[in-house]
Amino acid sequence: MANKLAPSPPTTIHGQSDAIEIPLTKRMEMYRLLSLLRQSEQRAYDLFLQNLIKGTSHLSLGQEAVAAGAAAAMQPGDLSFCTYRGHAHTLARGVPVEKVLGELMGRDNGLMRGKGGSMHLTSIEHGVMGSYAIIGAHLPIACGAAWRAQYKGHKDVSVCFFGDGTTNIGAFHEALNFAAYMKLPVVFVCENNLYMEYTPIADVIPVKHPAADRAAAYGLDRIVVDGNDVDVVYQTMSQAFARARAGKGPSLIECLTYRYSGHSRADPAKYRPAGELDKWKELDPIKAYRKRLGSLGVQNDKLDAIDAEILKLIDDATKACQAAPPTSTDILFTDVYADGGCAWRN
Amino acid sequence: MANKLAPSPPTTIHGQSDAIEIPLTKRMEMYRLLSLLRQSEQRAYDLFLQNLIKGTSHLSLGQEAVAAGAAAAMQPGDLSFCTYRGHAHTLARGVPVEKVLGELMGRDNGLMRGKGGSMHLTSIEHGVMGSYAIIGAHLPIACGAAWRAQYKGHKDVSVCFFGDGTTNIGAFHEALNFAAYMKLPVVFVCENNLYMEYTPIADVIPVKHPAADRAAAYGLDRIVVDGNDVDVVYQTMSQAFARARAGKGPSLIECLTYRYSGHSRADPAKYRPAGELDKWKELDPIKAYRKRLGSLGVQNDKLDAIDAEILKLIDDATKACQAAPPTSTDILFTDVYADGGCAWRN
Amino acid sequence: MAELTYREAVARGIAQEMARDENVVFLGEDIAKAGGVFKATVGLLEQFGPKRVVDTAISEQAILGAAMGAAMTGLKPIAEIMFADFIAVCYDYIANEFPKTRYMTNGQVSIPLVVRCGNGGGARFGAQHSQSVENWCMQFPGLKVVAPSSPVDVVGLLAAAVRDPDPVIFLEHKSLYATKGEVPDGEIVDRLGVAKILRPGKDATILALGMMVPRALQAAATLQSEHGIDCEVIDVRSLVPLDTQCILGSVARTGRVFTVEENPRQLGWGAELVSIIADESFYDLDGPPIRITTPNIPLPAADALEDLAIPSVSRVVETIRRSLSA
Amino acid sequence: MAELTYREAVARGIAQEMARDENVVFLGEDIAKAGGVFKATVGLLEQFGPKRVVDTAISEQAILGAAMGAAMTGLKPIAEIMFADFIAVCYDYIANEFPKTRYMTNGQVSIPLVVRCGNGGGARFGAQHSQSVENWCMQFPGLKVVAPSSPVDVVGLLAAAVRDPDPVIFLEHKSLYATKGEVPDGEIVDRLGVAKILRPGKDATILALGMMVPRALQAAATLQSEHGIDCEVIDVRSLVPLDTQCILGSVARTGRVFTVEENPRQLGWGAELVSIIADESFYDLDGPPIRITTPNIPLPAADALEDLAIPSVSRVVETIRRSLSA
Ligand SMILES: Cc1ncc(C[n+]2csc(CCOP(=O)(O)OP(=O)(O)O)c2C)c(N)n1
Ligand SMILES: Cc1ncc(C[n+]2csc(CCOP(=O)(O)OP(=O)(O)O)c2C)c(N)n1
Ligand SMILES: [Mg+2]
Ligand SMILES: [Mg+2]
């Protein structure tokens, strides 16, 4: 079955993105994020090719506008719940590149010192409440965090990122219903990149939009946006956050985007129709944003300077990781229980 | 929170029920079914009060029109998948009353000789593919049976009955999506009796209709019918079967109805607002059907004679059960594995 | 001191902790307005209000997932999964999320929550509403598993579970809900990981849990009075953490050990305990360690069948008598 | 006779059965067009077409539920649950539906299906993608559990599983997919419930499963060559049904037994085997039965840590050497 979603710029429900008003400083912050995510993921890929990253990893190359736009709309204290494809979301919240690459490389300087790995990036101090590797599990978990905020009268919002394929697992349904009738301050962000692992989402759903076409089942608005347009993502997220903070309950946002690489490091992505990747690369979120910033008067060399600064930062992080010792084995037995150890008997 | 569904006759999507054309023989068959279900369930309740039924049981008193209308629309070979509230659906497919009561009473003449109990009534020879006691489990199972029919080119349809509360569990979502994109010959029948165990469904969903308001999420039509009108149920089911047999895929039908007794034998149903039960009793499916049959020229004493014949049948069945020995204990170790035994090691 | 039923002890234990700490919240199906399908949570809604005592949809994954998210961010949720068998529909949280998250995050995340369930058989509920799921929960490093057998233990262990910084599965036995026992007034807080020698003895050690505890005690009384066999009966109470010292100490004294397990034979908790004993107390044993369990069958519904399946007092007596005289 | 990889053996086994019986159908995530994420099902779509080899949505409950409904009504489905850890999201079928339905219906219903999973660790996938779930499946009377360690066993046991009238959990080891072995030409059908003595020996019995089998063999070689200890190595292959005779017979000859288990210590399959041995072969034992397992921790992701956690050849050697010389 062919993909039912054409790789052309999807409609947004929020009018023309060029008309969105966002302060230039925020836009420059978002460009910086885009550049950071792109170059970090590219580096992760290179390190994998050099066999310095073991195990699996799932890159967000091509999908950066979702992570950047969402993070730019968040406030400190807001909570991110990510998937195994969580590098970008983790970095976007300010977690140092060194910590992320160190974790991927199984080094002692890693975010969890190698205990979690690429699929479980977590940095509580940055509001990154974890990356979850079992499809669907974190949607109810994000609801729980939002329930706590509601109960305590806190003003933070929980944001839960997941893919198109995740909309067909039971936990999705249970979480959406729970969040909606409890009116929880949680924002569900579906990154629809057209594929699950290797199978097109269009092959296994009877509707066009895996998330948005389910929103009404929970009394929610149908929201589909261009996930490659960081301004659109930023604005849509901002509206959802405002709604959540005002006690009006959850939102479900479907962002249309595309991943450039395979599903995971093992995947050459041969299942994609010829030309599909190229078409999407024309819609590249960074290329498009450079153009928009240009039309707003930002000079290319200013953007190039940001790219260079980021590259240096990533180079430094890479060096630090390469210099870092492998994960120290004395942590094998720690932190199974709250007493710090793993003893389950006397 | 108050029930959002008023206990007044719900709208049907199929026009006025009085206008439905059904042959009188079919109507008399349905009256007979209604009478059978009503009186059998009443008998089960009486036997429970006499402490002759142990364990739990879940009655369908008040909901008989769904089971009767659905069964009347089925053909031999069609498959029923029921819940723990499955006595009525089981009897409606022709399973002898004695077998059902015997199972409830833990007698050797029971449908499964006491091994399954009230919640697991199964009679493969009658197309009753089982009663399932874990909420949601049988929706995917019914899909599997329908998948077999599709694969083998068989023309039978699988029918899956469940309650309003079941619409919020993950398996519901997974099954509906699977059935819809596979276009399986399966009919999902939600008996919306306004309550889960003791909690009103309206308290825990953000939409009005727990099943129908989710249909669009699977590309299905929104169908809500008066589940107390056996003609309406019959006609709606017939249409769904025709659709399924024509290869056009599943239907999701929400039948509005009400249970007269508590959720299970342990439940006095004190959580219901005063007067609610009485209002629904005015909408009693049997009372209403007697009236309709009357207006079609059927004399009351003809209906009374059917009732009396059924009563005799149930009395005989009860006597047979009381005379039957308790379940023979030699079956304790049989039928765990296909070799007939329970040995898992040599 | 008051005599409470086991089910009243549940409500008392929850109330004690909710009154103490406003971060304790409680969610589940039919637990609030209806007071629970086992009537074990009656009065909590009235006492603590609908923000803290929350009726949910039939969405066990949402219940456990929400409990986890709340626990990660500062609350101390108690979640009810009505019949323990339903753990199977939300098992990802039991197996993959609760126990592993602290470890995977290198200690960044705590998940202080309690999952309460109505566990076990004897009520003629059939194969899918009668199981003893302690064994489904015991395999996961990071999770704790507790199963009280008396009202006072219900209160004390529930309090300990709520205060514990790790996720705890708390298994109440459905067939014990109506049983009664003395419960002291005032706050009661017990400790997880402490077994109780309910009856000292010198000839054999009986290890039991939940509903098997009263049966083991009765069996021990019969063995003493009718056969002159003096059994030590230990209520294991907590499978994780496990009070191995208490158990091995007893075996060292008696030289023989019997488990009394409600679960079917394959891979019940007794297998773990016997394996520990066989390894660490090998030279203390005077004869084979014996597991008395439900046979390798699902639980049948009919009363006569169910009674035959689950270890009875007389089966315990017979097995021990025969083994010791062999 | 051809040399096949373990992953090729999977596809060969499935193809053998699908070619034989058109009631055999196969469903799962990414199994058809993509040939499986472990590339173990390459070519099946091409050979048998999209009606028999079906890519599904990410809906594990739908996968297992549909397999059950199809099995009840005449098909013989093979369902893939990609990583064995995901059994947790569809555990209701494993725990409550597959194993109990025949019994509850008094034998009316058969559920001849196979659930295949990529099981086990060693691939640096972290705590939620590396587990050995045989223990999650072994507790349920009615279910069978099989785990091959070589290509030829993959083909033969898979065929036996497909032909078996009971539901079978078939655990392929992810870290064995790339290993190779000789596989005879023509149809291969093995038997469930038969363990294999891969190396006879007289000093001790080593019981192993899956990826632990090659390690046990290597350890036995080292123990022989470096320490003069002669171990019998048994590939258990099938936990349910269990070849107790083979195992007890070996223990009767050697007097010592060691399990080598990839799972964390608590309630692994070794506990059941050790308990059976301790009960039934008590007087054959010359020393304590010892379980060599992953410690009581979730599996870490980093290579150095994972390698330390899972029993290594040298840990097996050391443990056995020390125990026998104690
Ligand atoms: C319960 C479960 N089933 C299957 C998998 C294997 N798996 C990992 S990622 C993935 C595809 C997810 O697709 P999607 O939700 O679209 O996210 P994407 O990877 O495209 O970002 C699958 C099937 C899993 N991790 N958990
Ligand atoms: C997974 C699971 N959760 C909870 C239950 C307990 N339970 C049995 S019936 C029921 C209510 C079901 O409500 P509904 O679907 O509306 O069906 P009804 O009983 O009204 O016919 C509940 C919660 C169960 N059997 N399985
Ligand atoms: Mg995707
Ligand atoms: Mg209902």
Side-chain angles (χ1 to χ4, degrees), chain A residues 79 81 110-117 119-125 129-134 136-152 154 156 158 169-171 173-179 181-182 184 186 331 334-340 342-346, chain C residues 22-23 25 27 51-52 54 56-75 77 89-90 92-93 95-97 99-113 138 141-144 164-166 193-194 239-247 276:
Chain A
L79 306 179
F81 293 81
L111 197 49
M112 297 95 74
R113 300 183 65 197
K115 277 172 118 162
M119 295 206 283
H120 298 291
L121 299 176
T122 305
S123 183
I124 301 297
E125 65 173 305
M129 302 304 291
S131 303
Y132 295 81
I134 308 278
H138 64 313
L139 282 82
I141 295 171
C143 289
W147 176 38
R148 179 264 326 149
Q150 184 186 64
Y151 175 70
K152 301 277 254 185
H154 295 168
D156 62 278
S158 292
I169 200 151
H173 181 62
E174 296 194 11
L176 266 289
N177 184 65
F178 184 81
Y181 80 79
M182 298 267 289
L184 297 179
V186 54
I331 60 168
T334 65
D335 287 321
V336 177
Y337 295 102
D339 64 9
C342 73
W344 69 284
R345 41 163 292 195
N346 58 14
Chain C
E22 73 163 26
N23 287 324
V25 290
L27 81 170
K51 293 212 69 155
R52 297 184 66 189
V54 181
T56 69
I58 306 176
S59 305
E60 280 81 3
Q61 295 186 76
I63 294 171
L64 291 199
M68 174 162 163
M72 287 170 67
T73 54
L75 299 187
V89 300
C90 48
D92 183 47
Y93 294 96
N96 289 325
E97 312 298 340
K100 297 177 170 59
T101 300
R102 180 187 294 277
Y103 189 80
M104 293 193 304
T105 62
N106 195 31
Q108 290 182 69
V109 173
S110 279
I111 306 177
L113 59 79
M138 200 187 156
L143 207 57
K144 294 178 176 172
D164 197 277
D166 289 312
V194 181
L239 288 169
V240 184
L242 183 71
D243 192 353
T244 320
Q245 278 178 11
C246 172
I247 293 166
I276 292 174

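Note on naming: letters A, B, ... go to the chains in the order of the sequence lines (proteins, then strands), and numbering restarts at 1 for each one.
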Which of [options] touches chain A most, by non-hydrogen pairs under 4.5 Å:
options                                   : value
Gly142(C), Gly107(C), Pro241(C)           : Gly142(C)
Val89(C), Leu239(C), Asp164(C), Ile276(C) : Ile276(C)
Ala71(C), Pro77(C), Gly74(C), Ser59(C)    : Ser59(C)

Let me know if [X] has heavy atoms under 4.5 Å from chain A in its side chain, its backbone, both or neither.
X         : value
Ile247(C) : neither
Glu60(C)  : backbone
Thr56(C)  : both

- Query: Distance from Met104(C) atom CE to Ser131(A) atom OG, nearest 0.5 Å?
  - Reply: 9.5 Å
- Task: Nearest 0.5 Å please: distance from the CZ atom of Arg52(C) over to the OH atom of Tyr151(A).
- Result: 4.0 Å
Backbone N/O of [Y] and side chain of [X]: donor-acceptor pair under 3.5 Å:
X         : Y         : answer
Gln108(C) : Thr122(A) : yes
Asn106(C) : Arg113(A) : no
Tyr103(C) : Val336(A) : no

- Go through the structure and list residues passing side-chain hydrogen bond (donor to acceptor under 3.5 Å, both in side chains) with Asp92(C), not counting sequence neighbours. Asn96(C)
- Message: Which residues pass the side-chain hydrogen bond (donor to acceptor under 3.5 Å, both in side chains) test with Asp339(A), not counting sequence neighbours?
- Response: none
- Nearest heavy-atom neighbours spanning Gly136(A) and Tyr93(C): O-OH, 4.3 Å
